[in-house]
Amino acid sequence: ASSPALAAPLTRPRRAPRMALRSARSPIAMPFAGEAAAQPLGLGARRFLLVLTALAARLPFAGAGAGDGNCGVEVPFLPRALRNREAYESLGSRLGVGHDLEDELWSMGEGDREARANYKTLKKACTGKAKHCNTFGVHQWNLSRHAVTVTESVRGRLCEEDMDVWQRLGLTRIRPCTVEAPCKRIDSEVRLVGLQVKLTPEIVEVLHGLPFLFTIQVTEFAQEADFSASALPPGVRVVTVLPRSTRDIEQVAPLLRNSRGVQSLHVYGNQALERWLKLDLSIFCGMDLLRFNGFVMNAGEIPECWSAMRNLEAFYCTNCMLTTPPSALRGLTSLRSFIAFRQSEMTPCVAKSIARSLEACKPSWETKCLLKDSRRQDSTGDPSDFQEGPSYMCPEVAYGFKFEEFLKLGWTNVEKVWLDGNFLKGGIPENIADLWPKLKSLDLYDNDMEGPIPASLARLDFVKLQLNGNNFSGTIPTGVVNMLHKNHMVLGLASNPHLEGCAPRGHDEVADTRLHACHEEEL
């Protein structure tokens with residue numbers, strides 16, 4: 001069924017802004033708030049600033065600042081004089097990198113004027129003969145998020161059949177063909193294709209009267225409802241759940257398992273809690289998902305029973321407190337996109353409260369360099385402020401094993417792997433291009449990785465390669481640097497203090513590295 005499209009959680013999860021990576025991977029690319037036009041520095045001044053920046057980056061608490069909102073935690077901000085945004089930007093990012101369809105659909109708003117304009121631009125860029133749009137496994141837009149259906153909604157009067165069901169549902173607080181209940185014109189009639197709803201077994205039964213219902217967003221849960229004998233209408237493909245408690249999601253899990261048509265599942269916890277909801281992902285075993293999105297939960301691991309999901313194309317779980325290699329997805333040749341960045345991002349206050357050892361935790365790279373939109377040094381005190389204010393990450397609730405464990409999983413068709421903001425160790429194996437031959441986007445920045453950058457990376461058709469904020473060393477291979485000559489490529493190298501070699505002129509201002517501008521004979 002090629003029904004409508006999709007809507008977003010009420011509190012939309014967003015990836016924290018990331019330097020000028022924002023143009024490559026952002027919620028929705030936009031300038032930094034309050035940013036003034038920078039005056040160009042002379043070459044000598046720029047190099048001097050880079051030297052000072054490199055020195056300061058190695059001081060663990062340079063420019064430390066704290067306020068009541070940080071609960072006395074001394075956050076190691078760089079001194080104001082050394083906050084040179086361009087020196088930390090990823091090389092090539094100023095040229096534009098084309099569209100990342102999966103990411104931009106994920107980050108899109110919910111049917112307002114701005115969201116519709118962005119969607120129209122994306123549609124134009126990513127359909128037809130567009131050359132600079134990377135789909136990363138998105139072959140049906142409306143499976144990616146509930147928000148797509150909302151954005152494509154039409155206005156009009158519901159057909160008689162759907163209006164009868166609407167009245168039986170008793171939805172007096174909302175109107176049809178709005179954000180809460182998107183519509184689509186099908187065979188000259190206006191049909192209901194999406195719904196925000198409080199689920200009860202009785203309501204589920206009534207929903208079967210809507211033949212074109214494609215996506216539902218569950219925002220309220222009946223107390224102690226029994227869904228063991230219930231199933232959603234067969235046309236429902238996308239389900240978004242916003243649980244208030246672990247019990248909410250456990251209660252609705254039998255309904256999801258019984259609903260054989262569901263292909264895209266989105267579970268968004270409450271980021272305003274100090275301790276996120278405990279969620280055992282095994283409750284979804286038995287589903288045949290194409291896409292899974294999770295945000296703000298304590299999942300711990302991907303259970304072995306997920307190995308039966310042989311059609312899974314995209315796994316996106318950030319701030320899910322995953323700690324073990326995803327061995328359940330071993331040999332999954334259908335997988336195109338695996339996103340598991342920042343498994344434990346939290347405010348300084350929360351980190352101080354729940355971490356085993358605050359000293360083992362680390363502030364995010366954007367926090368240290370004040371590269372978030374707000375550029376605030378103090379948190380508001382609200383646990384949800386980790387996205388806009390200072391944030392920390394702790395190793396006991398994040399990936400902390402060797403990166404090569406991912407390469408052992410047999411993902412021969414994977415195109416995008418984002419693992420930044422964890423505690424991954426070890427190096428990048430030389431045979432990465434053989435094991436992941438279709439890889440186009442690899443994000444490993446802000447980890448604990450080391451060793452040389454393998455020359456084999458130059459064999460891959462990258463649009464983004466982020467290695468910033470690690471401890472890579474040796475001379476960067478010429479072939480990797482030459483990837484910058486592509487029109488649409490982002491290469492992140494900053495804050496690898498032992499990394500040597502050269503970068504093309506205009507791309508050689510890389511903070512906290514030993515890179516220099518290439519001479520002609522080095523290219």
Side-chain angles (χ1 to χ4, degrees), residues 18-21 40-63 76-79 81-95 362-363 365-366 368-369 371 403 420 424-430 432 442-458 462 464-486 489-523:
R18 317 170 45 204
M19 301 83 51
L21 316 177
L41 296 171
L43 181 59
R46 289 200 300 267
R47 287 180 174 168
F48 178 68
L49 182 59
L50 286 173
V51 171
L52 291 179
T53 304
L55 290 173
R58 299 175 198 179
L59 297 175
F61 290 97
F77 301 112
L78 286 178
L82 304 181
R83 294 171 197 156
N84 178 12
R85 185 183 302 276
E86 289 189 0
Y88 286 93
E89 286 182 352
S90 294
L91 304 179
S93 59
R94 302 177 199 120
L95 300 177
K362 65 180 180 182
W365 199 35
E366 294 88 345
K368 288 187 292 186
C369 301
L371 293 170
F403 168 66
D420 50 284
L424 291 173
K425 305 180 188 308
I428 301 175
E430 182 65 39
I432 184 172
L442 176 62
D443 210 334
L444 296 175
Y445 99 99
D446 204 7
N447 275 287
D448 295 333
M449 297 183 64
E450 59 187 1
I453 294 176
S456 61
L457 289 173
F462 277 113
K464 185 168 78 164
L465 174 60
Q466 302 273 48
L467 306 176
N468 325 47
N470 283 284
N471 196 31
F472 290 111
S473 58
T475 301
I476 185 169
T478 302
V480 173
V481 173
N482 284 343
M483 290 192 293
L484 286 168
H485 294 303
K486 295 168 59 176
M489 170 64 187
V490 166
L491 177 61
L493 300 172
S495 289
N496 285 290
H498 302 292
L499 187 63
E500 301 178 341
C502 75
R505 292 189 183 277
H507 298 289
D508 55 307
E509 296 180 30
V510 187
D512 198 16
T513 68
R514 299 176 183 175
L515 295 177
H516 62 270
C518 292
H519 303 296
E520 187 173 342
E521 62 271 15
E522 294 180 288
L523 294 174

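Predicted model, so just to flag it, every value in this text is computed and none were measured.
With hydrogens and angles disregarded, no donor-acceptor distance shorter than 3.5 Å links the side chain of Asp420 to the backbone of Tyr445. Remark: side-chain polar atoms of Asn471 are not paired, donor with acceptor, to backbone N or O of Met449 under 3.5 angstrom. At distances below 3.5 Å, at least one donor-acceptor pair connects side-chain atoms of Asn470 with backbone N or O atoms of Leu444. For the pair His498 (side chain) and Gly474 (backbone), a donor-acceptor distance under 3.5 Å is absent.
For the atom pair Ile453 CD1 and Thr475 OG1, the distance stands at 10.0 Å (nearest 0.5 Å). The structure places OG of Ser473 at 8.0 Å from CG of Leu499, a figure rounded to the nearest 0.5 Å. If you take CG on Leu457 and CG on Leu467, they are separated by 7.0 Å, rounding to the nearest 0.5 Å. Between the CZ atom of Phe403 and the CG atom of Asp448 there is a distance of 14.5 Å, given to the nearest 0.5 Å.
Val481 has its side chain within reach of Pro504: a pair of non-hydrogen atoms, C-beta onward, lies under 4.5 Å apart. The shortest distance between side-chain heavy atoms of Phe472 and Glu450 does not fall below 4.5 Å. Residues Asp446 and Gln466 fail the side-chain proximity criterion, which asks for heavy atoms closer than 4.5 Å.
Summarising the geometry of Pro454 relative to Pro429, their closest heavy-atom pair is CG-O, 4.0 Å, with the distance given to 0.1 Å. Considering every non-hydrogen atom in both Pro76 and Pro363, the closest pair reads CG-CG, 3.5 Å. Leu465 approaches Met489 most closely through the heavy-atom pair CB-CE, 3.9 Å.
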So Leu515 and Leu493, side chain to side chain contact (heavy atoms under 4.5 Å, CB included) or not? Walk me through it.
CA-CA 9 Å; Leu515 295 177; Leu493 300 172; 3.8 Å; yes

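Evaluation of the salt bridge (charged side-chain N to carboxylate O under 4.0 Å, His left out) rule for Glu500 yields Arg514 as partners, not counting sequence neighbours. Take Glu430 and apply the side chain to side chain donor-acceptor pair (under 3.5 Å) test, not counting sequence neighbours, and it matches Ser456.
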